[in-house]
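Data first, discussion second: the structure below is written as structure tokens.
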Amino acid sequence: MCSPLLRIEMLSKIVPILLIGLFSMAYQAFHPPPPKICGSPGGPPITEPRIKLRDGRHLAYKEHGVPREVAKKKIVFLHGSASCRHDAVIATNLPQGLLEELGAYIVSFDRPGYGESDPDPNRTVKSLALDIEELADKLGLGTKFYVMGLSMGGQAVWGCLKFIPHRLAGATLMAPVVNYWWRKLPSNMSTKAYYEQPPQDQWALRVAHYFPWLTYWWFTQKLFPTSSVVQRNPAVISNQDSLIISNFLINRKHQSKSQVQQQGVAESICRDVRVGFGSWDFDPFDIDNPFPNNTGHVHLWHGDDDLLVPVMLQRYIAQNIPWIQYHELPGAGHMFPNLEEVSAAIIKTQLVD
């Protein structure tokens with residue numbers, strides 16, 4: 001047996017090593033690895049055109065429809081989480097020739113940290129709206145343009161309505177994510193909707209809202225179930241979504257899938273969640289009507305079988321923001337814009353007023 005002195009000596013050597021290990025784990029939780037910047041040494045290659053923003057960051061973009069120089073209608077599309085510029089459902093899932101018939105041009109871009117767009121560690125709802133305005137100016141889209149967004153990209157449209165309404169010709173929110181902590185959502189309703197989520201999503205959003213510095217650790221740890229979106233939890237996939245995903249995954253280009261989070265998850269989906277479910281400095285219910293003279297319209301589309309974003313919240317929003325034109329789709333889940341006939345109806349409703 002070891003003598004007491006020897007045991008103390010052994011412990012004195014082991015304890016510091018354990019403490020160093022624990023501190024190392026804690027540091028990694030609070031400080032995720034740096035993103036792999038596109039075009040940097042060891043980073044992913046740049047394969048698409050990009051514009052340079054005033055702060056030095058770059059946004060990668062992809063163009064659809066008629067040339068922007070002759071387009072009558074110009075649209076900026078915002079993709080959702082786990083997506084990128086290639087996933088411009090409002091452009092890629094339309095009947096052939098419709099964009100030409102409408103004289104429409106669509107630019108989809110990688111939101112910061114996704115695809116080939118540089119991360120923005122200081123991203124806010126406002127900064128993304130200003131990025132969109134600068135993208136439009138760099139591409140020469142004119143004084144007015146439309147914004148259309150899906151899911152997390154749909155939520156970002158609220159920032160455009162708040163911070164750059166003077167630049168908008170119209171706006172469409174498709175299955176926009178709702179922040180349960182918006183002040184003017186009735187607490188009983190938001191609480192009910194919150195607890196209808198799978199427990200793992202309750203915890204993921206709780207961490208993102210109250211302990212944002214732990215978001216990366218929570219989304220990458222293996223001890224507990226994390227976000228349903230990350231883990232593709234079937235509990236949040238409706239019957240319609242399941243059929244869409246089957247076709248979508250079969251037809252989706254491998255390049256698109258591999259590029260989404262190629263710079264790392266910390267500045268893509270983790271940053272999305274931190275911003276989307278953090279404390280906002282405005283409430284959508286307080287936004288003034290961006291088109292008081294009916295020069296444009298704001299449309300909100302949602303499926304009544306959306307298992308990711310509860311329909312009760314969208315109904316309340318539509319009922320209490322009088323300038324929202326609400327379209328509820330029976331039997332639809334979260335991914336309805338991937339259906340050709342639905343995308344056609346959405347874009348024609350926005351552009352053919």
Side-chain angles (χ1 to χ4, degrees), residues 48 59-68 71-111 114-115 128-129 132 135-136 139 141 144-161 168-177 240-241 244-245 247-248 251-253 256 260 296-303 306 308-309 314 324-329 332-353:
E48 293 277 8
L59 293 181
Y61 64 92
K62 186 174 183 178
E63 298 175 293
H64 316 262
V66 304
R68 62 178 183 267
K72 298 176 182 177
K73 311 281 187 178
K74 299 170 184 178
I75 301 168
V76 178
F77 177 78
L78 292 84
H79 65 79
S81 295
S83 304
C84 67
R85 67 192 178 282
H86 294 299
D87 303 312
V89 292
I90 204 65
T92 58
N93 296 304
L94 292 175
Q96 187 173 2
L98 180 58
L99 289 179
E100 289 72 19
E101 177 187 329
L102 296 171
Y105 161 89
I106 300 176
V107 59
S108 54
F109 73 101
D110 292 329
R111 292 189 291 109
Y114 282 97
L128 181 56
I132 291 167
L135 172 70
L139 295 179
L141 301 191
K144 299 277 187 178
F145 53 89
Y146 297 86
V147 289
M148 306 181 78
L150 171 62
S151 190
M152 213 41 124
Q155 187 197 59
V157 171
W158 290 117
C160 297
L161 293 167
L168 304 182
T172 295
L173 303 87
M174 295 169 281
V177 171
Q240 185 191 78
D241 286 342
I244 290 172
I245 289 172
N247 296 327
F248 180 60
N251 297 323
R252 190 180 191 187
K253 294 181 180 178
S256 168
V260 171
H297 299 95
V298 180
H299 298 274
L300 196 161
W301 297 74
H302 206 75
D306 190 324
L308 270 174
V309 184
Q314 305 293 19
I324 289 285
Q325 297 189 21
Y326 182 57
H327 312 266
E328 188 171 301
L329 302 175
H334 192 70
M335 302 184 70
F336 57 82
N338 286 278
L339 299 174
E340 182 179 283
E341 64 275 15
V342 178
S343 280
I346 290 172
I347 197 166
K348 286 193 286 188
T349 299
Q350 179 67 86
L351 299 184
V352 186
D353 289 324

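Looking at every heavy atom in both residues, Met148 comes nearest to Ile347 through CE-CA, 4.3 Å. Heavy atoms only, all atoms of each residue included: Asp306 and Ala175 are closest at OD2-CB, 3.9 Å. Looking at every heavy atom in both residues, Gly154 comes nearest to Pro176 through C-CB, 3.7 Å. For the pair Pro337 and Val89, the tightest heavy-atom approach, listed with the atom from each and the gap, is CB-CG2, 3.7 Å. Counting all heavy atoms, side chain and backbone alike, Ala156 lies closest to Leu128 at CB-CD2, 3.6 Å. Closest non-hydrogen pair, Val66 versus Leu99, comes out as CG1-O, 4.1 Å.
Contact of the Leu59 side chain with the Tyr61 side chain is not registered, since no non-hydrogen atoms from C-beta on lie closer than 4.5 Å. For the pair Leu102/Lys348, a side-chain contact is recorded, criterion being any heavy-atom separation below 4.5 Å from C-beta on. A heavy-atom distance below 4.5 Å is found between the side chains of Val76 and Phe109. Between Lys62 and Val107 the shortest side-chain heavy-atom distance does not fall below 4.5 Å. In this structure, Ile75 and Leu351 have side chains that are in contact, with non-hydrogen atoms separated by less than 4.5 Å. A heavy-atom distance below 4.5 Å is not found between the side chains of Met174 and Met335.
Once rounded to the nearest 0.5 Å, the distance linking CD of Glu341 with CD1 of Ile346 reads 10.5 Å. Separation of atoms CZ (Phe145) and CG (Leu135) is listed at 8.0 Å; rounding is to 0.5 Å. Considering OG of Ser343 and CG of Asn338, their distance stands at 7.0 Å, rounded to 0.5 Å. Separating the CZ atom in Phe77 from the CD1 atom in Ile132 is a distance of 11.5 Å, to the nearest 0.5 Å. Atom OH in Tyr114 sits 14.0 Å away from atom CZ in Arg85 (nearest 0.5 Å). We find the NZ-CG distance between Lys73 and Leu141 to be 14.5 Å, quoted to the nearest 0.5 Å.
With 3.5 Å as the limit, one finds a donor-acceptor pair spanning the side chains of Ser151 and His334. Under the 3.5 Å distance criterion, with hydrogens and angles disregarded, a donor-acceptor pair is assigned to the side chains of Glu328 and Tyr326.
Remark: side-chain polar atoms of Arg68 are not paired, donor with acceptor, to backbone N or O of Lys74 under 3.5 angstrom. Under the 3.5 Å distance criterion, the side-chain polar atoms of Thr349 are matched with a main-chain donor or acceptor of Ala345. Looking at Arg111, its side chain never comes within 3.5 Å of a backbone N or O of Leu78 through a donor-acceptor pair. Between the side chain of His302 and the backbone N or O of Val309 there is at least one donor-acceptor pair closer than 3.5 Å. Formation of a donor-acceptor pair under 3.5 Å by the Asn93 side chain with backbone atoms of Leu339 is not found in this model.
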Q) What do the steps show when you test His64 against Tyr105 for ring-ring contact (aromatic ring centres under 6.0 Å, His included), and what is the final call? A) CA-CA 6 Å; His64 316 262; Tyr105 161 89; 8.4 Å; no

Q: Just do the side-chain contact (heavy atoms from CB on, under 4.5 Å) check on Gln325 and Val298 with the steps written out, would you?
A: CA-CA 6 Å; Gln325 297 189 21; Val298 180; over 6 Å; no

Q: Apply side-chain contact (heavy atoms from CB on, under 4.5 Å) to Val157 and Thr172, showing your working.
A: CA-CA 8 Å; Val157 171; Thr172 295; over 6 Å; no

**Q.** Residues Leu173, Trp158; criterion side-chain contact (heavy atoms from CB on, under 4.5 Å); working and verdict
**A.** CA-CA 8 Å; Leu173 303 87; Trp158 290 117; 3.5 Å; yes

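Taking a 6.0 Å sphere around CD of Glu100, one finds it holds more than 12 heavy atoms contributed by other residues, nucleotides or ligands.
Classified by interplanar angle (parallel below 30°, tilted 30° to 60°, perpendicular above 60°), the ring pair Trp301/His327 is parallel.
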